[in-house]
Amino acid sequence: MSEDDRPDPATEAFVRHRKLLFTAAYEMLGSAADAEDVLQETWLRWSGVDLETVREPRAYLVRIATRQALGRLRALSRRKETYVGPWLPEPLLTAPDVAEDVELADSVSMAMMLVLETLAPTERAVFVLREVFDLGYEEIAEAVEKSPAAVRQIAHRARSHVAARRPRGVVSATETRAALDAFRRALETGDLQGLLDLLAPDVVALGDGGGIKRAMPRPVIGADKVARALAAGVVVFGRLVTTEPTRVNGHPALLIRMDGEVDMVVALRIDDGLITGLYTVRNPQKLTRMEHETALGR
């Protein structure tokens, strides 16, 4: 590549760190569409920066993106207050390399993203930047406009909060696929027993239709109630659908099509060998990234 063909330094730095910036924004927001908006806003601000004054482009870009994400996260919180039914993170079709980075895959799993939803905006940003991207407290302090001492306290509080709610132990891909196969068989044959044997007594099922598609209007809690909801779903969908295994947010999941079109994504949370969370996303506005892989990275 000739010198004339090379991108300018600002573009080069942004492209180099784009995957990291998108991943951080997505983990803070749970929405790929909003994360892309954050990247656009970050680029607009970055392109106007005098690079002579920038010591570390990565830290500077993370600072811009974090501030944009925090502003958007507060607006997103208000939108969720009027959202129809349960709100679930936007699922992403991911490449095998995401699963190979165990820490990254854990941090973007549907189960973990729902845990992050229980944090306050600044706690969430601090947790993501510290625990997933291993930024120093001083860098995070600049990004969230707090003192390093305050950031340490926030990080400790967020870490304790997440530790009490995150999935227990490491779940193998094989274990998750086995549970998804049981779900698939239930849809295809109407035989729910194999799936029911895997439901924890306190399992929680969440369905996100966004008021656009039919879904569970509220959380369904307990194995018996979840079983009845699943049985009703089998009656409604029955043989009208096709199912295929896929990989969502770094973990095995199930993609369900109706008339060839993506209709639903099914993801699971598994603790101690049993399904404790069953998440179905039907809102078509959240399924736009299920045909092409989204690049994630640190």
Side-chain angles (χ1 to χ4, degrees), residues 19 22-39 73 76 79-80 83-101 104-118 124 128 132 166-167 171 173 176-177 179-181 183-184 187 204-216 219 233 237 241-258 260-270 275-297:
K19 193 155 62 169
F22 175 84
T23 306
Y26 172 72
E27 291 203 34
M28 291 179 202
L29 298 166
S31 161
D34 284 290
E36 289 288 3
D37 287 345
V38 164
L39 258 63
L73 184 55
L76 193 57
R79 293 212 309 262
K80 289 173 188 172
Y83 194 79
V84 179
W87 186 96
L88 287 172
E90 182 178 351
L92 306 178
L93 181 65
T94 49
D97 67 326
V98 176
E100 289 163 10
D101 184 339
L104 176 61
D106 176 63
S107 71
V108 297
S109 71
M110 293 291 278
M112 187 62 170
M113 294 289 285
L114 281 168
V115 173
L116 295 181
E117 282 293 313
T118 64
R124 185 168 183 169
V128 168
V132 182
R166 71 189 309 161
V171 179
T176 304
R177 277 193 290 267
L180 287 165
D181 283 345
F183 189 96
R184 189 177 183 179
L187 271 182
V204 177
L206 299 173
D208 183 341
I212 302 170
K213 287 288 191 80
R214 178 176 176 176
M216 290 174 278
F237 292 105
V241 301
T242 58
T243 61
E244 58 190 78
T246 188
R247 189 169 289 277
V248 167
N249 292 42
H251 294 269
L254 201 59
L255 184 63
I256 298 177
R257 296 179 185 271
M258 186 174 287
E261 298 294 324
V262 173
D263 182 79
M264 184 191 308
V265 167
V266 180
L268 303 175
R269 169 174 171 160
I270 296 177
I275 299 170
T276 56
L278 195 155
Y279 314 122
T280 57
V281 180
R282 292 197 74 209
N283 182 346
Q285 295 174 351
K286 292 186 177 184
L287 297 175
T288 59
R289 288 179 176 258
M290 290 310 300
E291 298 286 13
H292 304 286
E293 290 177 352
T294 297
L296 300 177

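FYI, the numbering just counts along the sequence from 1. Everything numeric here is computed off the predicted structure, so don't read it as measured data.
The line from OG of Ser109 to CG of Leu268 is 11.5 Å long, rounded to the nearest 0.5 Å. Residue Leu73 holds its CG atom at 5.5 Å from CG of Leu29, rounded to the nearest 0.5 Å. Separating the CZ atom in Phe183 from the CG atom in Leu278 is a distance of 5.5 Å, to the nearest 0.5 Å. Distance check, rounded to the nearest 0.5 Å: CD1 of Ile270 to NE2 of His251 gives 10.5 Å. In this structure, Lys286 NZ and Ile212 CD1 are separated by 9.5 Å, a value rounded to the nearest 0.5 Å. If you take CZ on Phe22 and CG on Leu92, they are separated by 5.5 Å, rounding to the nearest 0.5 Å.
Remark: side-chain polar atoms of Tyr279 are not paired, donor with acceptor, to backbone N or O of Pro89 under 3.5 angstrom. Under the 3.5 Å distance criterion, the side-chain polar atoms of Arg214 are left unmatched by any main-chain donor or acceptor of Gly209.
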Could you go step by step and tell me if Thr294 and Glu90 meet the side chain to side chain contact (heavy atoms under 4.5 Å, CB included) rule?
-> CA-CA 12 Å; Thr294 297; Glu90 182 178 351; over 6 Å; no

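Smallest separation of non-hydrogen atoms from Val204 and Pro219: CG1-CB, 4.4 Å. For Met113 against Ser107, the heavy-atom pair with the smallest separation is SD-O, 3.9 Å. For the residue pair Pro86 and Leu206, the shortest heavy atom distance occurs at CB-CD2, 4.3 Å. Closest of all the heavy-atom pairs between Met110 and Ala267 is CG-CB, 3.8 Å. Heavy atoms only, all atoms of each residue included: Ala99 and Gly250 are closest at CB-O, 3.5 Å. Nearest heavy-atom pair, Pro252 versus Thr176, reported as atom, atom and distance to 0.1 Å: O-CG2, 3.7 Å.
For Asp106, the side-chain contact (heavy atoms from CB on, under 4.5 Å) partners are Arg166, not counting sequence neighbours.
Annotation: side chain of Asn283 is in contact with side chain of Tyr83 (closest heavy-atom distance under 4.5 Å). In this structure, Ile256 and Thr280 have side chains that are not in contact, with every pair of non-hydrogen atoms separated by 4.5 Å or more. Residues Thr23 and Leu104 have side chains in contact (heavy-atom distance under 4.5 Å, counting atoms from C-beta outward). Considering only heavy atoms from C-beta on, Arg124 comes within 4.5 Å of Glu117 through its side chain. Side-chain contact between Val262 and Arg257: present, with at least one pair of heavy atoms (C-beta onward) separated by less than 4.5 Å. In this structure the side chain of Leu93 never reaches within 4.5 angstrom of the side chain of His292, judged on heavy atoms. Looking only at side-chain heavy atoms (C-beta outward), Leu255 and Val265 come within less than 4.5 Å of each other. Two residues are said to be in side-chain contact when any heavy atoms from C-beta on lie closer than 4.5 Å; Leu287 and Lys213 fail this criterion.
Sequence neighbours left out, not one pair with a member in residues 246-255 passes salt bridge (charged side-chain N to carboxylate O under 4.0 Å, His left out). Applying the salt bridge (charged side-chain N to carboxylate O under 4.0 Å, His left out) test to residues at least two apart or on different chains, the pairs with a partner in residues 22-36 are Arg18-Glu36, Asp34-Arg72, Asp34-Arg79, Glu36-Arg289.
Ionic pairing of Arg184 and Glu244 is not present here: no N-O contact between side-chain nitrogen and carboxylate oxygen is shorter than 4.0 angstrom.
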